[in-house]
Amino acid sequence: MSDDFKRVESHDCPMSTCAAPAGSPCRTGKNKVAIQYHTARFRLVPQLAKALNVPTPAVRKPGSAWAQAGVAELYDRSPEHYAELHTTWP
């Protein structure tokens with residue numbers, strides 16, 4: 001698997017209809033994970049500026065319900081871990 005998606009996701013998506021934060025895949029208007037990254041976003045990566053498209057990798061589950069990366073994992077943790085996050089949050 002190419003690391004292109006990591007380079008793309010190091011930037012926020014500038015599309016007003018998406019506005020996915022860095023670390024998350026692009027989303028559609030129906031709040032699903034987009035099948036490819038928005039052109040305005042992947043063109044922020046110099047190595048990909050001339051690409052015609054950059055597909056979203058399977059690990060990001062294109063077509064599934066979109067959730068900001070990092071948030072969903074909190075719900076999969078134990079209550080103790082969640083409490084630890086809140087006590088150590090800056």
Side-chain angles (χ1 to χ4, degrees):
M1 174 184 353
S2 171
D3 283 343
D4 288 347
F5 81 99
K6 291 179 183 176
R7 291 186 191 111
V8 174
E9 288 185 12
S10 70
H11 302 278
D12 294 340
C13 184
M15 297 288 295
S16 62
T17 56
C18 175
S24 296
C26 286
R27 59 182 152 188
T28 67
K30 294 185 178 186
N31 214 32
K32 303 276 185 190
V33 176
I35 61 170
Q36 63 186 29
Y37 292 97
H38 293 116
T39 305
R41 189 177 191 185
F42 71 74
R43 289 212 169 144
L44 296 171
V45 179
Q47 302 91 323
L48 302 173
K50 293 185 180 185
L52 297 178
N53 64 52
V54 176
T56 304
V59 69
R60 292 297 197 205
K61 301 177 184 167
S64 66
W66 185 90
Q68 183 175 339
V71 173
E73 290 82 20
L74 287 177
Y75 299 104
D76 296 334
R77 305 286 175 107
S78 68
E80 294 81 16
H81 181 78
Y82 185 75
E84 179 183 322
L85 285 173
H86 276 310
T87 57
T88 58
W89 196 261

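To the nearest 0.5 Å, atoms OG1 (T39) and CG (N53) are separated by 8.0 Å. The NE2 atom of H38 sits 8.0 Å away from atom OG1 of T28, with the distance rounded to the nearest 0.5 Å.
Residues G23 and R60 approach most closely at O-NH2, 3.5 Å, considering heavy atoms. The minimum heavy-atom distance linking C26 with C13 is given by the pair SG-SG, 3.8 Å. Heavy atoms only, all atoms of each residue included: C18 and R27 are closest at O-NE, 2.7 Å. The minimum heavy-atom distance linking Y37 with P57 is given by the pair OH-CD, 3.7 Å. Across all non-hydrogen atoms, the minimal contact from V8 to F42 is CG2-CB, 3.7 Å. The two atoms that bring L44 and A40 nearest to each other are CG-O, 3.5 Å, heavy atoms only.
Residues F5 and T56 are not in side-chain contact: their nearest non-hydrogen atoms beyond the backbone lie 4.5 Å or more apart.
If you chain together ILVMFWY residues whose side-chain heavy atoms come under 4.5 Å of each other, V33 ends up grouped with W66.
In terms of modelled atom types and a separation under 3.5 Å, the side chain of R41 and the main chain of H11 share a donor-acceptor contact.
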